[in-house]
There are 2 protein chains.
Amino acid sequence: MRDQSLCGSLSDAELASLNAIGRHRSLARGQTLIWAGEEALVCANLLSGVLKLSAATADGREQIVGLLYPADFVGRPYAEDAEHTVTALTDAELCVFPRRPFEAALENHVHMERLLLRRTLAALDDARGRMLMLGRKTAEEKVASFLLDMGAHLGAAHPGGAGRCAPGKAAPASPAAFELPLTRAQIADVLGLTIETVSRQMTKLRRDGLIDLPAGRSVLIRNRPGLQERAEAGG
Amino acid sequence: MRDQSLCGSLSDAELASLNAIGRHRSLARGQTLIWAGEEALVCANLLSGVLKLSAATADGREQIVGLLYPADFVGRPYAEDAEHTVTALTDAELCVFPRRPFEAALENHVHMERLLLRRTLAALDDARGRMLMLGRKTAEEKVASFLLDMGAHLGAAHPGGAGRCAPGKAAPASPAAFELPLTRAQIADVLGLTIETVSRQMTKLRRDGLIDLPAGRSVLIRNRPGLQERAEAGG
DNA sequence: CGCGAGATTGAACCCTGTCAATCCGAGTGG
DNA sequence: CCACTCGGATTGACAGGGTTCAATCTCGCG
C-alpha cells in the first residue's frame with residue numbers, strides 16, 4: 001500500500017497513525033460515497049478504479065467537475081458539508097478515513113499536510129485547465145482532448161480491466177487502445193455537451209481515421225498527432 | 001496589515017519572517033504580474049484591487065479562470081512554471097514574496113501552511129462551482145449569477161473606488177449598487193461568452209426591471225430575488 | 001471638435017441542443 | 001434457440017441560443 005498515493009513517502013509513524021484510523025472499503029460501480037449537501041463524513045484515498053466528482057443545478061443538469069484515478073485523494077477536509085457528489089464510475093477500492101480523525105492526523109503530521117497541499121494545488125491547476133476547455137473549446141476540441149486525457153490516465157490499463165495503475169510505472173507512454181470507464185452520457189457531463197453531440201463527434205473522428213471504436217466503450221487512437229491537432233488550444 | 005489575509009492570524013514570529021522576505025508592490029490597471037508559461041518567480045498577497053487569472057488557447061481565445069480580491073493569495077508555490085497569467089483589472093497593491101523563500105517560510109511555519117491549505121481547498125471548490133456554470137448554465141443564468149457574485153464581493157465598495165474591502169467588516173450585506181471592475185469583454189471571458197451576448201443579456205435584465213445600468217460600468221440591483229431566480233442552478 | 005475604446009443593437013448564420021426513430025449487444029425467459 | 005426487453009449508442013431532422021459580422025452609439029479626452 002506504500003505506493004505513490006497520499007500514504008506514499010510518509011514516515012513509518014505517519015503511516016501507522018493513518019492505518020489506525022483508516023478502513024478499507026469497496027465501492028460498486030454506480031455507488032455513491034459522498035452526496036453533495038450532506039455532512040462530509042469521510043475522506044479517502046483511492047486505491048483502484050475511477051470516481052467522478054459532480055455538481056448539479058436545481059433542475060437536474062449535471063456537470064462532472066473532476067475525475068479521480070488511483071492514488072488520488074478523495075474528499076474535502078475542513079468543510080462541514082460536501083459541495084460535490086462522489087460516485088464510482090467503475091468498481092473501486094478505497095482507504096477511507098473518518099473526516100475528523102483525518103483532520104487531526106493532518107495537524108499532527110506536517111509531512112502529510114504538505115503532501116495534501118501539493119496535491120490540492122495540482123488539482124486546482126487541473127480544474128482551471130478544465131475551465132478553459134468548458135468555456136472556450138468547440139465540441140470537437142472537447143472530445144479530442146478528452147480522449148487524449150483519458151488515454152494518458154489509463155496508461156498502464158490492460159484493455160478490459162479499467163483504470164488500475166501498475167505501481168512503479170509513473171507516467172508510461174499512453175497506449176493506442178483503452179476502455180472508457182464512462183458512458184457517453186457521463187462523457188457529455190464531463191465536457192458540458194449532450195450525449196448526441198459527443199456521439200457525433202466520436203463518429204466524425206472515426207470517419208476521419210483519427211480513432212477507431214471497435215466495440216462499446218473501447219477506443220483506439222490511430223493518429224495521435226492528428227488528434228492533438230483537433231484538440232487545439234492548450235489542453 | 002494584519003487583516004483577514006494570509007498574514008492574518010499568524011504569530012508575531014511568522015509575521016516577522018514574512019515581512020523579512022515580502023516587498024510592497026503596486027500594479028497599474030492592465031499590468032501583468034505573472035505570465036503563463038514563464039518561470040513562476042513570485043507569490044503574493046493581494047492588498048487592494050482586483051486581479052484576473054487567465055488561460056488562453058493557441059489561437060487566442062481567452063478564458064478567465066479566477067478572480068482575485070483583496071486578501072486573496074496570488075501565485076502557485078511548488079510549480080516551476082506558471083500555468084496561468086495574472087493581470088490587474090484595477091490598480092492594485094500587493095505584498096510580493098519571491099517564490100523560493102516563500103516556500104521555505106511555508107515549511108518553517110506550519111500554521112501558515114495550514115492556512116494556505118484551507119484557502120487552496122476553498123479556491124478548488126470555487127473553481128469547480130465555476131465549472132458547473134461554464135458547462136451547464138445558459139447565457140442569462142451566467143450573467144445573472146455573475147452580477148450577484150460581483151455584488152457580494154464588492155460589498156463594502158464605495159461606487160467608483162473599485163474593490164477595496166473595509167477591514168473588519170467580514171461579509172457585509174451586498175449593496176444594491178456597485179461598479180464593475182471588468183469591461184464587457186472581460187466579463188465575457190469569465191463567463192465563456194462573447195461581448196455581444198453579455199451586452200444583450202444585460203439589457204434584457206435591465207428591460208425586465210431586475211437591474212439598472214446608470215452609466216458605463218455601474219450596476220444597480222433592483223430586484224435581488226428576481227435576479228437570483230434568473231441565476232437558477234446552484235450558483 | 002474629433003478621435004478612439006468600449007458598449008449597444010441588428011441581421012444572418014451555424015453549432016449545438018432537442019426531439020424522435022433506430023440500432024446494437026447483453027441478459028432473460030419462454 | 002429465439003423472442004423480448006432494456007440500457008446505451010447512433011443517426012436524422014429541426015429549432016434555437018449564441019456567435020459572427022457589421023453598423024451605430026456613448027463617453028472621456030486631447
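The sequence lines fix the lettering, A, B, ..., with proteins before strands; numbering per chain opens at 1.
- At the phosphate of C/dG17, OP1 or OP2 sits under 4.0 Å from a side-chain N or O atom of A/Thr197.
- Straight-line distance from the CG atom of A/Leu193 to the C1' atom of D/dG17: 15 Å, rounded to whole Å.
- When rounded to the nearest whole Å, the span between NZ of A/Lys137 and P of D/dT19 equals 18 Å.
- In terms of position along DNA chain C, the nucleotide closest to A/Thr138 lies nearer the 5' end than the nucleotide closest to the other residue of the pair A/Thr138 and A/Glu196.
- Between the CD atom of B/Glu141 and the P atom of D/dG18 there is a distance of 9 Å, rounded to whole Å.
- Contacts of A/Thr183 with the nucleic acid, taken as non-hydrogen atoms under 4.0 Å apart, involve only primed sugar atoms and P, OP1 or OP2.
- With hydrogens and angles ignored, a donor-acceptor pair under 3.5 angstrom links the side chain of B/Arg200 to the base of C/dG10.
- Between A/Arg217 and D/dG8 there is no side-chain polar atom (N or O) within less than 4.0 angstrom of OP1 or OP2.
- At a cut-off of 3.5 angstrom, counting only N and O atoms as typed in the model, there is no donor on one side facing an acceptor on the other between the side-chain of A/Gln201 and the base of C/dC15.
- Residue contacts for A/Ile195: at a heavy-atom cut-off of 4.0 Å it reaches a base atom on one of the strands shown.
- Summarising the geometry, the separation between NZ on A/Lys204 and P on D/dT11 is reported as 14 Å, rounded to the nearest angstrom.
- Contact check on B/Asp189 versus B/Lys52 returns no salt bridge, with no Lys/Arg side-chain nitrogen under 4.0 Å from an Asp/Glu carboxylate oxygen.
- Under 4.0 Å is where a charged nitrogen must lie from a carboxylate oxygen, and between A/Lys204 and A/Glu140 at least one such pair does.
- Distances were taken from every side-chain heavy atom of B/Leu213 (C-beta onward) to each of D/dT20, C/dT16, C/dT8; the shortest belongs to C/dT8.
- Summarising the geometry of A/Asp81 relative to A/Glu39, their closest heavy-atom pair is OD1-CA, 3.5 Å, with the distance given to 0.1 Å.
- Sequence order on DNA chain D of the closest nucleotides to A/Arg206 and B/Val198 puts A/Arg206 first from the 5' end.
- Positionally, the nearest nucleotide of DNA chain D for A/Met202 lies more toward the 5' end than for the other of A/Met202 and A/Arg136.
- For B/Arg29 and D/dG28, the CZ to P distance is 14 Å, given to the nearest whole Å.
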What verdict does the side chain to side chain contact (heavy atoms under 4.5 Å, CB included) test give for B/Asp149 and B/Leu67, after you've listed the backbone C-alpha separation in whole Å, the side-chain angles of each residue and the deciding distance to 0.1 Å?
CA-CA 11 Å; B/Asp149 249 50; B/Leu67 292 174; over 6 Å; no
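- The side chain of B/Thr203 lies closest to C/dT9 when the candidates are C/dG6, C/dT9, C/dT18.
- Residues A/His84 and B/Asp125 have side chains in contact (heavy-atom distance under 4.5 Å, counting atoms from C-beta outward).
- Going from atom CG of A/Leu191 over to atom P of C/dT16 covers 12 Å, rounded to whole Å.
- The interatomic distance linking A/Leu180 (CG) with D/dT10 (P) rounds to 10 Å, in whole Å.
- Between the side chain of A/Glu140 and the base of C/dC15 there is no donor-acceptor pair of N/O atoms closer than 3.5 Å.
- Atom pair B/Leu89:CG and C/dG6:P shows a separation of 13 Å (rounding to whole Å applied).
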